[in-house]
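I am attaching a structure below and will ask some questions about it afterwards.
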Amino acid sequence: MSAPSDSLFDIRARLRAFADERDWDQFHTPKNLAMALSVEVAELAEHYQWLATGADSELDEAKRTGIRHELADVLMYLVRLADKSGVDLHAAVLEKMQLNAQKYPAQQVRGDARKYSEY
């Protein structure tokens, strides 16, 4: 089944409905959502802790499932936080990519992982 063309809007609508059905909107303040997002990112990172690189060859099926679920949690909290903060994630990504392209001109930084202020 392919994702709708506006899959972030679909996710946002589903998350709104999920929260509404449980009367959780009252708890979904930007602060609470940002904190929950940081916890989920930490839980995602935990799956990679102590692995050499986190490459697929280092992961068993249980780790892959855990990573998939944590990535879903991260995305859900991110979309919910953007919704509650009035941020259009698609537009924000395009804006940030344009800024990054200016900071990191491909010809200048190709193969160089340093921060833009270091070259």
What's the shortest heavy-atom distance between Leu37 and Val74, and which atoms?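 Closest approach of Leu37 to Val74, heavy atoms only: CD1-O, 3.4 Å.
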Just grab all the side chain to side chain donor-acceptor pair (under 3.5 Å) pairs involving residues 84-93, residues at least two apart or on different chains.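 Found Asp25-Lys84.
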Side chain to side chain contact (heavy atoms under 4.5 Å, CB included) involving Ala36 - partner list, sequence neighbours excluded: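 Testing Ala36 for side chain to side chain contact (heavy atoms under 4.5 Å, CB included), a comparison that skips the adjacent residues, returns Tyr77.
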Do Leu15 and Asp83 have side-chain heavy atoms sitting under 4.5 Å apart?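 They are not in contact (no side-chain heavy atoms under 4.5 Å apart), so the answer is no.
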Please list, chain by chain and in numerical order, all residues satisfying side chain to side chain contact (heavy atoms under 4.5 Å, CB included) with Ala62, sequence neighbours excluded.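 Ala62 satisfies side chain to side chain contact (heavy atoms under 4.5 Å, CB included) with Asp60 once adjacent residues are dropped.
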Those residues that, when tested against Asp23, pass side-chain hydrogen bond (donor to acceptor under 3.5 Å, both in side chains) (two or more places apart):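 For Asp23, the residues satisfying side-chain hydrogen bond (donor to acceptor under 3.5 Å, both in side chains) (neighbours in sequence not counted) are Gln26.
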Can you name the nearest heavy-atom pair linking Val87 to Ala92, along with the distance?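 It is CG1-CB, 4.1 Å.
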Report the distance from atom CD of Glu95 to atom CG of Asn100, rounding to the nearest 0.5 Å.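 Between atom CD of Glu95 and atom CG of Asn100 there are 10.5 Å.
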What residues, two or more places apart in sequence or in another chain, satisfy ring-ring contact (aromatic ring centres under 6.0 Å, His included) together with Tyr104?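 If we apply the ring-ring contact (aromatic ring centres under 6.0 Å, His included) test to Tyr104, skipping adjacent residues, the hits are Tyr116.
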Straight-line distance of Thr65 OG1 to Lys63 NZ, nearest 0.5 Å: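 These two atoms lie 11.5 Å from each other.
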Hey, could you give me the CD1/CZ distance between Ile11 and Arg14, rounded to the nearest 0.5 Å?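 Reported to 0.5 Å precision, the distance equals 8.5 Å.
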For Arg22, look at atom CZ and say whether over 12 heavy atoms of other residues, nucleotides or ligands are found less than 6.0 Å away.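 Yes, the 6.0 Å shell around CZ holds more than 12 heavy atoms from other groups.
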Suppose clustering is done on Ile, Leu, Val, Met, Phe, Trp and Tyr with side-chain heavy atoms closer than 4.5 Å. Which residues sit in the same group as Leu94?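 When side chains under 4.5 Å apart are linked, Leu94 ends up in no cluster with other residues.
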Once side-chain hydrogen bond (donor to acceptor under 3.5 Å, both in side chains) is applied, do any residues pair with Arg68, and if so which ones, sequence neighbours excluded?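 Partners of Arg68 under the side-chain hydrogen bond (donor to acceptor under 3.5 Å, both in side chains) test: none.
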Rounded distance (nearest 0.5 Å) linking atom CE of Met76 with atom CD of Glu40: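 It comes to 7.5 Å.
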Any side-chain to backbone donor/acceptor pair from Glu58 onto Thr53? Under 3.5 Å, distance only.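 Yes, the answer is positive, given that a donor and an acceptor are paired below the 3.5 Å cut-off.
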Phe9: partners by ring-ring contact (aromatic ring centres under 6.0 Å, His included), with sequence neighbours left out: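 Applying ring-ring contact (aromatic ring centres under 6.0 Å, His included) to Phe9 gives none.
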Any His28 side-chain heavy atom under 4.5 Å of Asn32 side chain: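 No - every pair of side-chain heavy atoms lies 4.5 Å or more apart.
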To which residues is Phe18 joined in a hydrophobic cluster, defined by side-chain heavy-atom contacts under 4.5 Å among Ile, Leu, Val, Met, Phe, Trp and Tyr, whether direct or through other members?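 Direct or chained contacts put Phe18 with Trp24, Phe27.
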Check: Val39 and Met35 side chains under 4.5 Å, non-hydrogen atoms: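 Answer no - side chains too far apart.
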Between atom NE2 of His69 and atom NE2 of His47, what is the distance when rounded to the nearest 0.5 Å?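 Taking NE2 in His69 and NE2 in His47, the distance rounds to 9.5 Å.
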Measure across Tyr119 and Pro105 and return the closest heavy-atom pair with its distance rounded to 0.1 Å.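 Looking at all heavy atoms of both residues, the shortest contact is OH-CD, 3.6 Å.
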For Asp73, salt bridge (Lys or Arg N to Asp or Glu O under 4.0 Å) partners two or more places apart: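 Listed in chain order: nothing, the list is empty.
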Go through the structure and list residues passing salt bridge (Lys or Arg N to Asp or Glu O under 4.0 Å) with Glu118, not counting sequence neighbours.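 Testing Glu118 for salt bridge (Lys or Arg N to Asp or Glu O under 4.0 Å), a comparison that skips the adjacent residues, returns none.
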State, yes or no, whether a side-chain contact exists between Arg12 and Arg80 at a heavy-atom distance under 4.5 Å.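 Sidechains of Arg80 and Arg12: no contact.
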Taking all atoms of both residues into account, what is the closest heavy-atom pair of Leu8 and Leu89, and its distance?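 Smallest heavy-atom distance, with atoms named: CD1-CB, 4.1 Å.
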Test salt bridge (Lys or Arg N to Asp or Glu O under 4.0 Å) applied to Asp56 - qualifying residues, sequence neighbours left out: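 Arg64.
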